[in-house]
Novice: 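Following this message is one structure expressed as C-alpha cells.
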Amino acid sequence: QVQLVESGGGLVQAGGSLTLSCAASGTIGSMGWYRQAPGSQRELVATITRGGVTNYADSVKGRFTISRDNAKNTLYLRMNTLKPEDTAVYYCNAVHRFVSTLVYWGQGTQVTVSS
C-alpha cells in the first residue's frame with residue numbers, strides 16, 4: 001500500500017514562491033503534481049519518472065520545477081513567479097513501480113496566491 005502526504009501549501013502574494021513536498025511510502029514509480037481550482041477539473045501540473053524525465057503543463061513551464069529524491073521517496077514542486085490563477089488544491093500523485101494500473105493520490109494541499 002502506498003501513502004502520500006503533502007506539505008508546503010499556503011498563502012503567498014503574486015510573484016512569490018512556494019515549495020511543495022510529498023512524502024511517499026511504498027513502491028513508487030512515476031510521480032506527479034496535479035491541481036484543482038474551485039469549479040474546475042483536476043489538471044496535470046508536472047510529472048517526473050524515477051529516472052528524472054519531466055513533463056510540464058504549458059501554463060507552468062519556466063516557473064515551476066518538479067524534482068524527486070528517490071532515496072527519501074520524496075517529491076517536490078518548486079513554484080516561482082506565482083500568479084493568482086495558480087490558486088488551487090495541489091495533489092501529489094504516484095504510480096506503483098511495478099503495477100501501472102495502481103495509482104495513488106495524496107490528500108491535497110491548498111495554495112492561494114493573492115493579487
Novice: Drop me the distance from Tyr34's OH to Thr47's OG1, to the nearest 0.5 angstrom.
Specialist: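 The distance works out to 6.5 Å.
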Novice: Could you note down all residue pairs passing salt bridge (charged side-chain N to carboxylate O under 4.0 Å, His left out) where residues 103-115 supplies at least one of them, sequence neighbours left out?
Specialist: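 Passing the test, one end in residues 103-115: no pairs.
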Novice: Please name all residues satisfying salt bridge (Lys or Arg N to Asp or Glu O under 4.0 Å) with Lys72, sequence neighbours left out, ordered by chain then number.
Specialist: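 Once residues adjacent in sequence are excluded, Lys72 has no partner under the salt bridge (Lys or Arg N to Asp or Glu O under 4.0 Å) criterion.
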Novice: Considering only residues two or more places apart or on different chains, which pairs with a residue in residues 34-80 satisfy disulfide (SG to SG under 2.5 Å)?
Specialist: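 For residues 34-80, and leaving out neighbouring residues, there are no disulfide (SG to SG under 2.5 Å) pairs at all.
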Novice: Taking only distance into account, with no hydrogens and no angle test, what donor-acceptor pairs under 3.5 Å do side-chain atoms of residues 7-27 form with protein atoms, sequence neighbours excluded?
Specialist:
{"unit_1": "Ser17", "atom_1": "OG", "unit_2": "Asn80", "atom_2": "OD1", "d": "2.9"}
{"unit_1": "Thr19", "atom_1": "OG1", "unit_2": "Arg78", "atom_2": "NH1", "d": "3.0"}
{"unit_1": "Ser25", "atom_1": "OG", "unit_2": "Gln3", "atom_2": "N", "d": "3.4"}

Novice: Determine, using the 4.5 Å side-chain heavy-atom cutoff (strictly less than), whether Leu44 and Ile66 are members of one ILVMFWY cluster.
Specialist: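 Per the 4.5 Å side-chain linkage, Leu44 and Ile66 are not co-clustered.
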Novice: Would Leu82 and Val45 show up in the same hydrophobic cluster when neighbours are defined by side-chain heavy atoms closer than 4.5 Å?
Specialist: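 In one cluster with Leu82: Val45, yes.
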Novice: Kindly indicate whether the side chain of Leu4, heavy atoms from C-beta on, has any atom under 4.5 Å from the side chain of Met31.
Specialist: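 Touching, per the 4.5 Å side-chain cut-off.
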Novice: Please list all pairs meeting ring pair (Phe, Tyr, Trp, His ring centres under 6.0 Å) that have one or both residues in residues 11-32, counting only residues at least two apart or in different chains.
Specialist: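 Applying ring pair (Phe, Tyr, Trp, His ring centres under 6.0 Å) to every pair that reaches into residues 11-32, excluding sequence neighbours, yields nothing.
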Novice: List the steps and the verdict of side chain to side chain contact (heavy atoms under 4.5 Å, CB included) for Thr74 and Arg68.
Specialist: CA-CA 6 Å; Thr74 302; Arg68 65 189 290 171; over 6 Å; no
Novice: Taking a hydrophobic cluster as the set of Ile, Leu, Val, Met, Phe, Trp and Tyr residues connected by side-chain heavy atoms closer than 4.5 Å, whether directly or through intermediates, do Tyr91 and Val113 fall within one such cluster?
Specialist: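 No, no single cluster joins them.
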Novice: For residues Met79 and Tyr90, determine if any side-chain heavy atom of one lies less than 4.5 Å from a side-chain heavy atom of the other.
Specialist: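 Result yes, sub-4.5 Å side-chain heavy-atom pair found.
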Novice: Identify whether Leu75 and Val5 are in the same connected component of the hydrophobic contact network (ILVMFWY, side-chain heavy atoms under 4.5 Å).
Specialist: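 No, separate clusters.
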Novice: Any chance the side chains of Thr87 and Glu85 put a donor and an acceptor closer than 3.5 Å?
Specialist: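 No - no donor-acceptor pair under 3.5 Å links their side chains.
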Novice: Should Thr109 and Val89 count as side-chain neighbours, where that means a heavy-atom distance under 4.5 Å?
Specialist: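 They are not in side-chain contact.
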Novice: Taking only residues two or more places apart in sequence, or in another chain, which ones meet Asp69 in a salt bridge (Lys or Arg N to Asp or Glu O under 4.0 Å)?
Specialist: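 If we apply the salt bridge (Lys or Arg N to Asp or Glu O under 4.0 Å) test to Asp69, skipping adjacent residues, there are no hits.
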Novice: Under the salt bridge (charged side-chain N to carboxylate O under 4.0 Å, His left out) rule, what pairs show up with a residue in residues 10-36, not counting sequence neighbours?
Specialist: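 Only Arg35-Glu43, Arg35-Asp86 qualify under salt bridge (charged side-chain N to carboxylate O under 4.0 Å, His left out).
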Novice: For residues 36-67, which residue pairs qualify under ring pair (Phe, Tyr, Trp, His ring centres under 6.0 Å), counting only residues two or more places apart or in two chains?
Specialist: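 Qualifying pairs: none.
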Novice: Quick test of your reading: applying disulfide (SG to SG under 2.5 Å), list the pairs with at least one residue in residues 28-91, sequence neighbours left out, ordered by first then second residue.
Specialist: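 Found none.
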Novice: Under the 4.5 Å side-chain heavy-atom rule for ILVMFWY, direct or indirect, which residues accompany Tyr76?
Specialist: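 In the cluster with Tyr76 there is nothing else; it is isolated.
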Novice: With sequence neighbours excluded, tell me which residues meet side-chain contact (heavy atoms from CB on, under 4.5 Å) with Ser30.
Specialist: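 Ser30 satisfies side-chain contact (heavy atoms from CB on, under 4.5 Å) with Thr49 only.
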Novice: Does anything in residues 92-107 pair up under side chain to side chain donor-acceptor pair (under 3.5 Å), and if so which pairs, sequence neighbours excluded?
Specialist: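 Matches after skipping sequence neighbours: Glu6-Gln107.
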Novice: Does Val95 belong to the same Ile/Leu/Val/Met/Phe/Trp/Tyr cluster as Leu102, with side-chain heavy atoms less than 4.5 Å apart forming each link?
Specialist: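 Result: no, two separate clusters.
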Novice: With side chain to side chain contact (heavy atoms under 4.5 Å, CB included) as the test, would you mind laying out the steps for Leu77 and Thr65 before giving the verdict?
Specialist: CA-CA 6 Å; Leu77 184 69; Thr65 301; over 6 Å; no
